[in-house]
Structures are given as C-alpha cells and as structure tokens.
Amino acid sequence: MTATNSPTTRRRAGARTRTRTTASLVSVGALLTTALSAATMLTAAPATAAETLLSQGKSATASSTEGAAWGASAAVDGDLTRTRWASQWSDAQWIQVDLGSSANISRVVLNWEGAYGKAYDIQLSDNGSDWRTVRSVTAGDGGTDELAVTGTGRYVRLQGVTRGTGYGYSLWEFQVYGGGSTQPEPGGAVRVSGTQGNWQLTVGGQPYTVKGVTWGPAMADAPRYMPDVKSMGVNTVRTWGTDAGTKPLLDAAAANGVKVINGFWLQPGGGPGSGGCVNYVTDSTYKSTMLTEFAKWVDTYKSHPATLMWNVGNESVLGLQNCYSGTELEAQRNAYTTFVNDVAKRIHAIDPDHPVTSTDAWTGAWPYYKRNAPDLDLYSMNAYGDICGVREDWVEGGYTKPYIITETGPAGEWETPKDANGVPDEPTDVQKADGYTKAWNCVTGHQGVALGATVFHYGTEHDFGGVWFNLLPDGLKRLSYYALKKAYTGSVAGDNTPPVISGMTVTPAGSAPAGGEFTVRADVRDPDGDPVTTKIYLSGNYANGDKRLIDAQYRSLGNGTFAVTAPEKLGVWKVYVQAEDGRGNAGIETKSVKVVAPPVAGTNIALNRPTTASSAQASYGDCPCPATNATDGTTTTRWASDWSDPQWIRVDLGSVRSFNRLQLVWDPAYARSYEVQVSDDGGTWRTIHATTTGNGDIDTIETAATARYVRLQLTARGTGWGYSLHEFGIYS
C-alpha cells in the first residue's frame, strides 16, 4: 500500500498488533551501549524559521544550463518536485538570484537533485560583479543543505567548485531567507523551543500542549464529528496518511479550532506483520517516490491553519524485524532512519514553520533516530499498557529531544494475560477508562519533555478492535470517552454517562456445544437511572479471523441472565454484552467461550479404526494431514485431501456393525455435496444419506445402518481448497 491509500484503515489493523513490549526493553539496553552519542542541545528548528523567503519568483541566471527545460528560473519558482535548474557537466558552474534590493541574508537552503555539489561557496554581492564568500562547503553529500549565513546583499550566488557526480550541478530549489519579523504571527508558526528537559510547543508564540485523539472516521465525515471532538477538550487529531482526501478533515478542524498532525505512511508501517517490506539500503526508487509524494502534500497544506506538524512513518523501525534479521536488520534500520532525516530536511525546506516528527512503537528505535535523524524536531511513540515506561527509557537513554505520545490507551491484546481459553483477556470498561486516565497522567507527569498525546482511538467501528479501543463504537459513547474528556477538560459535570456492567460470566466457558446453548450473566446498572436495553453479540476473530460483531441468538432468563445459542463453527468466540441507555451511551463487556462439538449419544465405533482416503495433503499449512487424523478422537488434528473433485474417505469398522448416527466435524474446507455410503465387503456400496446443500461446521446425521465399511463420497467442494475433516464419528 502507498501513503495515499486509506490511512485510517491501515492504522486500525496495525495499531492492534504490537507496541512497546518487555522484550523490546531488552533490545533497548543492547542498543544504547553502542548507539548513544554526545548530547546536543535542541532549539527551535530551524532556528531562523521566522524569516522571509526572499528569492522565490525573483530573477535568476546561471553560468550554463543542460537544456532549455532546466533554466535558472526553475530553481526559484517554488516547485520542489517537478522543476529544476541543471548545469552543463563540468566544475565551476554557478547560479545566482537578484533579490531586487539589498537585504539582510541569514539562511540559504539548497534542495539538490541527484547531481549535487560536493564543494561550493555561497557568495553575496551588492552590484552583481564584486562577490564576497559568506559560507563554504567542502563535503556536501546532496539531499537538502540548510546553511546559516550572515551578511547583506542584493545578489546571492552558489559558486560550484567540485561536483559530487559525473553530471553537472542540479537544484530543485535555491532558497534565500532573510529579514522579516522574528515573532511568529498570531495563530501561525509552530515551534519546539526551550532547553534540555525544559521544552515546550508553541503555536503563534503561545504554549500548546497536545490534547488529542487519533482520527478514525472518513475524512469526508469530519464536519459531522469535529464538533464532538472539540467538546471533549481535544485540540489535536492525528492521521497516518496525507493526500488529496485530507482537506475536508483539515477544513473541519480549522473551523472548530482543532489542529492536525499530518502523517505520512512508510512501509512496513504498523509494527511486525504489517505493511510491505522495502529495502531502504538499495531501493532508491521507492525513497525518491515517497520523498516526492510527501513534498507535494507538504507544499499543499503547509499554509493550512489546521496544520500542527508532520509525522513521517509509523512503527517501521520495529516493523522491519518482520522483513530482515541480524546485520541486515541493523543496516535497514539505519537506512530507514537516515531516509526519515532526508524527508525531515525536505519538509523543513518547504515548510519552516511546522515541526517534523517520526513515530515508532519501541523506544529501542530512538537510538537509531538519535544517530541518523538529527533534523527531527521531536520524537513520537505509540505505547499502551506500559506508557509510563517511556519516561524511564527516555531518561536512561540520555536523549536530547522532547517527544509526544501518538497512540496510547488501555492495555492491548498483545500485553494482557490469557484467559482460560487461551485468548487475551480484554479489560473491562472500567479498566479501560482507568487506562486512559493513567496514560494522560504519565504524559503530563513528564513535564518539559512530553509535550502531549493523541490517544487511540476516536473511531466508530463496531467490531472486535473497535470494542477494544474505540471511544464511541457505532457512535455510542463509552466510559473511556468520558474519562478522556475529564482528563482534557477537568470535568464531566452535567454529562449523562454510560451504563456500567460488572460480574459478567459465561457458562460453560470452555465447552459450549456447537448449535446448543450456553448461559451469559451480567449485572448492569445505570448511574443516571436511565432504562437500559441489553444486547448480545458474538465475534469469531479467534475462531475464523472474522472481526465483525454478529447478532447472537439469545433469550432472556431474567435477572440479567441469558441463554445464548452457540455458533456452529468450533473454536474460541468472544461474547459481548452491550447495555444502551437510549442517551447515546453504552457499556460493553466481553468474555470468551470455547465452542466444541456437541456430544453424541452412544459409542464412537470409528475411533482409531483403520481409515483411508483417495488423497491426503502431505505438507501444506499444518499438514501432513493423513486420513487417520479424522478418526483419532480429537478436533485439533484433521484430514485434508487434494484440491480437486471427487474425493473419498472411508473407515473399516473391523466387522459388520450396527450404528444410528454420524457426526462430521468439518474444517473450513468443507463439502457442499456428498453421500454417505456403506459396504459389507469394501467393493459394493449403497448410499444411506446424500446432500447437495452442505454448509460446513458440524453435520450430525441421523441414519441407521449395518455394515463393515463406511465411506464419504465427496463430489463438490464448498471452497477452493480440498476437503478437510477434523472428525469422522460413527456412533452405535
């Protein structure tokens, strides 16, 4: 995926997979011993960012051009991505700009194309003939060179001395800054200012603490939701991608006095297992494409009143471990953070009035940023249950830049203990609300260093992840919504708050029969005395990967107790009790239930009997999957056939036996059409049951017969795979 594809969707997938872990802290210690260098003092970057850009659109000339398309004027036209000046292929070339009148010059920014200057001088002149050198560079390496200079003059010249390549010299943009007010305009420039451990963020010269949320709804829906966001005390929203579709969000934010952290997505974003794998050491095409894309949108939105800062990448230093290992992983992490610095330099050249940061989910990423990305104005971190540990790691690491928390909230599924069914034990609504309160206290407790947070997540999805993290799934406000509002505003007095659910139980939690009933009980109270409507949902996230919430079939038994029909699909399911007060609020609690094959009366005479099949998968996924797996008495193994029709599996009962029912426990690769056939000699078969409407899961077949051999003749698959059975039971 590229940075322009649905950033919120990507983040919802990524944020729930990984954040800062105990294992990560071990890596932090190892990295700090080799990666930390001498501390440097951070000041507002760039230090002279309030000056005026003097050169854009002014008259420019050059010693030569490579062709008519690459004239000197292209380097002062304000376009950093499409037009450029290019000289002939020799040393001692120059380009100069006439500012029109004498000015105080304080900074020159050179945005090099690939053909850069290794050695060059910056010169000033009052008459265009007599030149004085104010800055010399002898070890240029391309990219963006930001040079502080001191002097006055009408003409400013780049005098090339030595080329860095076999080509000439080529500049996307030649920018000269000077004059102008040193005070940012009201509501304007954003600065990271202060000294070590005593930093602050300012907007238009006024102190600004980020009180934010990550943005979940569609950008086009921002006008609908932004007033509510503002009412929570939120002053900032964060995105993971910035493109043409971002404008409605920015416009709605500005209309409500809210700022936006504009994100840029880089692969592999979202931590381990997310995004694609990029080779940051060798893939210059990807890096060039992303740099050009990001520059385009920075130029588009740099003057938008809602823009607060730019955030380059999300969890990629951590996520690279999904792509590489060993020394190559180290090389990639260094190359990635170096590229982030290249992006930061380009952004600063285009937009000197908004800071640049980069997010990871592992404080072990910070040594890489410290070593390779000095042009970042501040760091960013995603941290959930271990949010307070970020401060500890910052102190121990000896870092010299402040940070913001770009995602936080209650403990995620990767950091909670497992329940009796072996799945993460989701915190209660009360615990989640406390998690947001704790997170904000951790942030504000690191005064002068942590400059605020955007908590996860102002989202409306009513699914597995949405219930775990969203402040208002399906538009219903949770206890967490009000906890965050209280943290940001200091009060929720006068608000109608959600029902509170406690004491939820599921019985039997570890052995609910598929298609049968299990019992759910929960105590529900509403603090405001509102009448409450209770609903029950199920999610198959752990059973079949489907994160949706589906309406359960249930009946009330009174006193907060319900009989719920179990799904046909075996595995662990999540059960959700949702209590709504009719005032736009909801309490939601969850527990797991393990769905098992329903018991069958009688004796399984197929258990451990000789079983053969037309084919069997030898080495795919969890295979080998021989036919005998279907009669071994456990649903943790399976038989799997080749991916073709027809197939068969048969059991030898050892002698002629009588039986009256069969139970077929299907893997997702089920049979849509099949026959149950029996034989006394294994040669002549008769059909005792047939179906063309099989739907998988569990088939319990009531049919009486007497035979030695029982065969399933499978004629039409229900999926693109083969046929697969966990169990083939025959009961007498």
Side-chain angles (χ1 to χ4, degrees), residues 46-88 92-113 115-117 120-137 140 143-161 168-182 185 188-189 295-296 298-300 302-303 345-353:
T48 56
E51 306 120 337
T52 301
L53 176 59
L54 305 173
S55 54
Q56 188 165 311
K58 298 299 175 60
S59 175
T61 55
S63 55
S64 66
T65 63
E66 188 177 344
W70 299 286
S73 61
V76 291
D77 64 359
D79 192 329
L80 285 138
T81 62
R82 292 173 295 183
T83 61
R84 61 187 175 93
W85 164 68
S87 78
Q88 293 180 358
Q93 302 291 331
W94 55 262
I95 181 173
Q96 68 186 46
V97 59
D98 179 359
L99 302 178
S101 61
S102 183
N104 292 316
I105 310 302
S106 56
R107 187 161 53 103
V108 173
V109 179
L110 306 175
N111 294 283
W112 293 103
E113 195 255 350
Y116 65 93
Y120 58 87
D121 296 328
I122 301 298
Q123 301 175 331
L124 304 181
S125 174
D126 298 320
N127 55 19
S129 300
D130 302 313
W131 297 92
R132 53 194 177 274
T133 298
V134 293
R135 184 70 182 266
S136 294
V137 173
T144 300
D145 292 344
E146 188 168 341
L147 309 170
V149 299
T150 301
T152 61
R154 172 175 172 171
Y155 301 89
V156 184
R157 182 166 71 178
L158 163 69
Q159 177 63 61
V161 177
Y169 300 88
S170 184
L171 284 170
W172 291 108
E173 202 73 2
F174 178 18
Q175 297 174 316
V176 178
Y177 289 86
S181 171
T182 59
E185 67 279 12
K296 171 184 176 182
V298 171
D299 193 49
T300 300
K302 65 183 179 182
S303 300
K345 290 168 70 175
R346 176 65 68 87
I347 291 175
H348 281 143
I350 303 169
D351 178 13
D353 287 335

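Quick caveat, the model's predicted, so the values are computed rather than measured.
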Just by distance, do the side chain of [X] and the backbone of [Y] share a donor-acceptor pair under 3.5 Å?
| X | Y | result |
| --- | --- | --- |
| T81 | K296 | no |
| Q88 | G168 | no |
| S125 | D130 | yes |
| S170 | W85 | yes |

Using the side-chain contact (heavy atoms from CB on, under 4.5 Å) definition, which of the options V137, V176, L147 pairs with I122? L147
Applying side-chain contact (heavy atoms from CB on, under 4.5 Å), name anything that partners [X], two or more places apart in sequence or on another chain.
| X | result |
| --- | --- |
| T61 | W94, Q96 |
| T152 | S102, N104, R132 |
| W70 | E66, R84, A86 |

Nearest 0.5 Å, please: how far is [atom2] in [Y] from [atom1] in [X]?
| X | Y | atom1 | atom2 | value |
| --- | --- | --- | --- | --- |
| L80 | I347 | CG | CD1 | 11.5 Å |
| T52 | Y177 | OG1 | OH | 10.0 Å |
| D79 | I350 | CG | CD1 | 9.5 Å |
| F174 | D77 | CZ | CG | 14.0 Å |
| Q159 | I95 | CD | CD1 | 12.0 Å |
| Y155 | D126 | OH | CG | 9.5 Å |

Run the side-chain hydrogen bond (donor to acceptor under 3.5 Å, both in side chains) test against [X] and tell me which residues pass, sequence neighbours left out.
| X | answer |
| --- | --- |
| S303 | none |
| S64 | Q93 |
| T144 | N111 |
| R346 | none |

Taking side chain as C-beta onward, heavy atoms only, is V156 less than 4.5 Å from V149? no
What I'd like to find out is whether the side chain of Q56 reaches to under 4.5 Å of the side chain of V76, using heavy atoms alone. no
List in chain and number order the residues that pass ring pair (Phe, Tyr, Trp, His ring centres under 6.0 Å) with Y120, two or more places apart in sequence or in another chain; answer none if no residue qualifies. W112
Looking at L54 and A103, what are the two nearest heavy atoms and their distance? CD1-CB, 3.8 Å
Partners passing salt bridge (Lys or Arg N to Asp or Glu O under 4.0 Å) against K302 (at least two apart in sequence or in another chain): D299
Quick one: list whatever passes salt bridge (Lys or Arg N to Asp or Glu O under 4.0 Å) with R135, sequence neighbours left out. none
Taking only residues at least two apart or on different chains, which pairs with a member in residues 93-104 satisfy salt bridge (charged side-chain N to carboxylate O under 4.0 Å, His left out)? D98-R154
